[in-house]
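Only one structure is covered here, and it is reproduced in the block below.
In what follows, every chain begins at residue 1, and chains take the letters A, B, ... in the order their sequences are listed.
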2 protein chains.
Amino acid sequence: MHRLPRAAPDLPAESPDTKSRILDAAEELFMEHGFEATSLRLITTAAGVNLAAVNYHFGSKEELFQAVLTRRLDPMNRDRMELLSTYEAHAGDRPLTCEKILAAMFIPALRLARDHATGGKNFLKLLGRAYADPAPFIREFLSRQYGEMIARFRAAFSRALPHIPREELSWRLHFVMGALSFTLAGTDVLRVISQYHPDEASNDELLLKRLAPFLAAGLRAPSPAEDGGHHPLLDA
Amino acid sequence: MHRLPRAAPDLPAESPDTKSRILDAAEELFMEHGFEATSLRLITTAAGVNLAAVNYHFGSKEELFQAVLTRRLDPMNRDRMELLSTYEAHAGDRPLTCEKILAAMFIPALRLARDHATGGKNFLKLLGRAYADPAPFIREFLSRQYGEMIARFRAAFSRALPHIPREELSWRLHFVMGALSFTLAGTDVLRVISQYHPDEASNDELLLKRLAPFLAAGLRAPSPAEDGGHHPLLDA
DNA sequence: GCTCATTTCAAACGAACGTTTGAATCAGGG
DNA sequence: CCCTGATTCAAACGTTCGTTTGAAATGAGC
């Protein structure tokens with residue numbers, strides 16, 4: 001099935017196997033232009049491989065896209081769950097704080113953004129954009145990939161915030177994922193909103209350090225159902 | 001330039017002028033499949049008009065997309081700013097609450113979702129997805145359309161939260177826009193997160209009533225810069 | 001050194017795309 | 001009634017798309 005050709009004795013950092021070169025090029029180009037607007041010819045040219053290589057190694061363009069996502073999303077979500085388990089074991093039977101749970105979500109993403117020099121950041125952008133893509137095969141794929149992790153984290157938040165009704169918590173988790181993916185996608189809408197310190201905008205750690213307190217406060221907000229109701233919003 | 005053919009005496013709800021039929025069909029299909037994956041042939045067939053009509057009336061596919069967005073986005077953002085001005089005038093020289101400012105952002109969006117029977121909800125979904133689209137012409141268009149409104153609202157939040165540094169506030173405004181657009185886009189990721197009460201998920205008013213307290217609490221959170229620092233996140 | 005399965009390659013496939021063209025159709029004013 | 005400008009229409013334009021094909025190249029095992 002898989003070929004193990006040269007053991008790559010000491011080639012500098014160039015020309016890993018064809019499959020990886022396609023994945024790297026596809027990751028960057030999908031991130032830059034989106035799925036539909038990125039042609040296989042663009043990808044294979046950038047990767048320096050033959051056009052037919054994609055269909056040979058991956059089967060189709062859609063399967064290539066899923067392979068691009070799986071390669072990094074799978075380990076990242078596994079890391080998230082492991083980190084959450086570590087925190088929980090360390091806390092004994094006391095519930096975790098929201099900040100700690102959010103840290104279990106963010107740290108693996110940060111690790112990804114830093115480890116692979118450019119690849120990681122490209123991937124997070126790509127992931128943020130995939131969230132908003134209407135293509136059914138993307139939506140189903142993400143549901144499959146995220147299902148287990150989300151369930152674990154919802155349970156953790158549920159213990160951390162016992163006074164928040166389950167349904168309300170589901171919504172807030174949805175908002176958290178929205179703000180996170182929007183932020184990681186790093187769209188240039190930011191240029192409109194802030195006066196845009198470019199050197200800081202690219203610093204993901206600082207970015208998430210700002211996002212976490214924001215989200216933690218939102219998660220802890222009194223539930224509309226528990227504080228007697230009548231919020232001013234939308235009643236005017 | 002524009003033709004005013006029949007005054008449409010009492011045609012039930014069918015066959016407005018060609019331009020509107022194209023806009024309606026395009027709005028729904030762009031929402032459903034995205035910009036790149038929606039062909040002009042699909043749009044014109046759904047609208048019951050000739051293929052060439054798009055290029056005749058709008059010039060190109062890109063200009064059609066911008067026309068779809070402008071048609072509703074323009075009035076909505078104008079409504080938002082007017083509502084904010086109304087609230088500010090009513091409050092005299094006291095700063096508005098975060099909830100009130102958020103209401104000025106949400107209510108026009110809700111009005112849009114309700115007024116035009118199906119069109120409005122389609123549009124909000126489309127708008128949420130356009131936020132994440134990498135196409136340069138979309139990004140530039142949104143920057144142009146949103147610039148003025150964002151500036152107004154940032155000023156309002158700045159008065160409501162004088163203890164939050166300007167830069168921190170810019171980030172939080174970014175998070176607010178992210179959560180809002182993600183929520184309005186209404187991706188099915190939601191199906192993963194919550195156990196999904198379908199009849200409630202489609203109720204935008206309830207949805208935004210949950211989102212507003214969440215965001216208001218996040219906006220009011222102590223700034224990492226002002227509370228002496230050392231947050232637990234990311235230090236583990 | 002031949003074998004055979006794996007991988008690469010140039011070339012082509014049919015389909016679908018956005019856009020253009022030029023004639024047909026229409027409505028209203030002289 | 002024809003003229004004029006605006007709109008619709010069928011047809012075709014050239015390009016690009018994802019995928020397939022069949023032969024050439026490759027490399028490990030006997």
Report summary line: With sequence neighbours left out, the residues meeting ring pair (Phe, Tyr, Trp, His ring centres under 6.0 Å) with B:Phe175 are A:Phe214
**Report entry** OP1 or OP2 of D:dT8 under 4.0 Å from side-chain N/O of B:His57
**Finding:** yes
Requested in this report: Please check the phosphate of D:dT8 (OP1 and OP2 only) for any side-chain N or O of B:Thr18 closer than 4.0 Å.
Outcome: yes
Query - Summary of protein contacts for nucleotides 18-24 of chain D, nucleotide by nucleotide, where a base hit scores B, a sugar-phosphate-only hit scores S (4.0 Å, heavy atoms) - result: BBBB---
Whole-Å gap separating [atom2] ([N]) and [atom1] ([X]):
{"X": "B:Phe58", "N": "D:dT7", "atom1": "CZ", "atom2": "P", "result": "12 Å"}
{"X": "B:Glu63", "N": "C:dT19", "atom1": "CD", "atom2": "C1'", "result": "12 Å"}
{"X": "B:Asp17", "N": "D:dT7", "atom1": "CG", "atom2": "P", "result": "10 Å"}
{"X": "B:Phe65", "N": "C:dG18", "atom1": "CZ", "atom2": "P", "result": "14 Å"}
{"X": "B:Ile22", "N": "C:dG18", "atom1": "CD1", "atom2": "P", "result": "13 Å"}

List the residues meeting side chain to side chain contact (heavy atoms under 4.5 Å, CB included) with [X], not counting sequence neighbours, and say none if there are none.
{"X": "A:Ala52", "answer": "A:Asn50"}
{"X": "B:Thr44", "answer": "B:Val49, B:Leu51, B:Val54"}
{"X": "A:Ser20", "answer": "A:Pro16, A:Asp17"}

Salt bridge (Lys or Arg N to Asp or Glu O under 4.0 Å) partners of [X], counting only residues at least two apart:
{"X": "B:Arg78", "answer": "none"}
{"X": "B:Arg71", "answer": "B:Asp24, B:Glu27"}
{"X": "A:Arg152", "answer": "A:Glu88"}

Query raised in the report: Taking the six-membered ring of B:Phe106, is the NZ or CZ of B:Lys209 close enough (under 6.0 Å from the centre) and on axis enough (within 45°)?
Result: no
Query raised in the report: Could you spell out the base pairing of DNA chain D in dot-bracket, with Watson-Crick or G-U pairs whose two distances are under 3.5 Å, [ ] crossing and | to another strand?
Result: ..||||||||||||||||||||||||||.|
